[in-house]
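For reference, the structure discussed in these notes is given below.
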4 protein chains.
Amino acid sequence: MAGSVNKVILVGNLGKDPEVRRMQNGNPVVNLTVATSDTWRDKGTGERKEKTEWHRVVIFSEGLAKVAEQYLKKGAKVYIEGALQTRKWTDPQGVEKYSTEIVLQGFNSTLTMLDGRSGGGSGGGGGYGGDDMGDSFGGGQSSPPQRRVAAAPAGGRSDMDDDIPF
Amino acid sequence: MAGSVNKVILVGNLGKDPEVRRMQNGNPVVNLTVATSDTWRDKGTGERKEKTEWHRVVIFSEGLAKVAEQYLKKGAKVYIEGALQTRKWTDPQGVEKYSTEIVLQGFNSTLTMLDGRSGGGSGGGGGYGGDDMGDSFGGGQSSPPQRRVAAAPAGGRSDMDDDIPF
Amino acid sequence: MAGSVNKVILVGNLGKDPEVRRMQNGNPVVNLTVATSDTWRDKGTGERKEKTEWHRVVIFSEGLAKVAEQYLKKGAKVYIEGALQTRKWTDPQGVEKYSTEIVLQGFNSTLTMLDGRSGGGSGGGGGYGGDDMGDSFGGGQSSPPQRRVAAAPAGGRSDMDDDIPF
Amino acid sequence: MAGSVNKVILVGNLGKDPEVRRMQNGNPVVNLTVATSDTWRDKGTGERKEKTEWHRVVIFSEGLAKVAEQYLKKGAKVYIEGALQTRKWTDPQGVEKYSTEIVLQGFNSTLTMLDGRSGGGSGGGGGYGGDDMGDSFGGGQSSPPQRRVAAAPAGGRSDMDDDIPF
DNA sequence: TTTT
DNA sequence: TTTT
């Protein structure tokens, strides 16, 4: 449509380490699970409330995917700019499902580290070393509309925590 | 979570007239279906491509809901600022479903008309008359975290067009 | 700085036709003057108030500059995404001045037409014809940090109206 | 103007402690100086480049101003959402000056702490103690268009460093 | 003046 | 200078 904008801006923390898949050419496609949360005080009782929202992020931009794979860990705080995309897929039982993701692909996507931590608890290895970390990386170099590598649900995990709605 | 941001910015057109439900107190809750689209030229064939994305928007902010109910029509171009929210619900067959919506609720939501058209084809009535139209309305007056009126999928329509994924 | 974001989003109308300068290589650099405005009702008197804000926009992204030069006219409504930049310059009297502009340059800039009008009153010619109009154009193709063509104030106009603060 | 948007989003660090002024009623108005920076690698020499941009932020929203006054310190990393505003003022020599600021006022403003540090070096006291820190605070409670407390340049400092363009 |  |  002429003159439209589809933009998502998130500042949140990774709920787990990045999940990396490979395209045929070896380039990474990275899935992130990002938590944001609202806190407020209940008007009636005055008690503090908090509601966490989980976001599924898919990084196709080659440069951003490499950065995510190398430097992000569970717990990392990130600034993300991408676009909403809803995909339809069919589960093993033949039921049609929809999944809405924030896609980082092409020129108007951003991924920025907002802390220097290596994350918490993701086990072996980890940490980053370059003097480049913490910078902002734009997805400018990848050609704008590049299509998905697979129609299958990005992930297909069975180990999901009950609180994460995807 | 400390220091998080959850923001969606859309500029798009309504795919249909607003859907209005009433809360117990008579206040409107409005659902919008908004289309955005990307166009690009295929690198191989050079042909023009277009992909439309449909967004489900739910307006709880009292002021914005009233504006939407009164002035928006199918085809209207809008600027929207809200937050992502994924809800879980169970369909009549007992299957769990997830629906991701852009929620306008509380202080950081915006709805702005970007054209003066009354929309296209929505039949009877329509049009708006106030001298207030075309302005920007913030949701500032409604109290921030107000919970949903119903757990059921906002809508429950059976007349859905195949191209709209919710 | 590690992990910073500098982003401006405007939806407004051009106060005049785009101003085009040429770089040594012939590429256009375009200056736009964009108006946004707030309206509100005075709490005391109840009368309607309006305050217009004028923004100076400078387009270095080659693709966006060409689009602006070709298609934008006085009165056109645009969506703009860029970054804030404050420049220091010295006026003919030797007085140091500062000018803050919204710069469109590199991967995270956007310029989108929000109406199909050719603008009002800019005289000869005008209008656009391609079937490409009204689309969104990203600045992805131009290399991110490209420096200014001149240190002089972008414009150097002497015919300024008193209400425009630059 | 019908249907306009004027929004600035910054993630950056405070260059100094917040500057607090009082309105007649004792409410604080807070000025922040925020740095953002771009880094890139020079295409020719391959060396790393960095350019810092300084932003002047003025907080009128009562709730946000109180938070800023209490919790923010030099060095703190913040997420800020506000609007651009250019003010005209006359310096002691009678020269007209313009100053562009990011104004946080009314419903569509946000200030969020992105780290838990108390900042660096601002001397006495400091630190914050509540369990509320690090949350996001919206400016929703303050009435949208509230005018400036003074026409004088917000600050009026004479100890300005040459690199800060305001 | 910040930050890495 | 725009726009409603």
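Given the structure is predicted, the values throughout are model-derived calculations rather than measurements. The chains referred to below are lettered A, B, ... by the order of the sequence lines, with proteins before strands, and numbering in each begins at 1.
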Roughly, in whole Å, what's the span from [atom1] in [X] to [atom2] in [N]?
X	N	atom1	atom2	answer
A/Met113	E/dT3	CE	C1'	14 Å
C/Glu53	F/dT2	CD	C1'	13 Å
A/Leu114	E/dT3	CG	C1'	12 Å
C/Arg48	F/dT3	CZ	C1'	12 Å
D/Asp115	E/dT4	CG	C1'	14 Å
A/Lys77	E/dT4	NZ	P	15 Å
C/Asp17	F/dT3	CG	C1'	16 Å
D/Trp54	E/dT2	CH2	C1'	4 Å

Closer than 4.0 angstrom, basic N to acidic O: yes or no for C/Arg21 and C/Glu19? no
Is there a side-chain contact between [X] and [Y] (heavy atoms, below 4.5 Å)?
X	Y	answer
C/Lys66	C/Pro28	yes
D/Ile80	D/Val8	no
D/Lys97	C/Tyr98	no

Please evaluate the base of F/dT2 for a donor-acceptor partner in the side chain of C/Thr52 within a cut-off of under 3.5 Å?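 Under the 3.5 Å cut-off, the side chain and the base do form a donor-acceptor pair.
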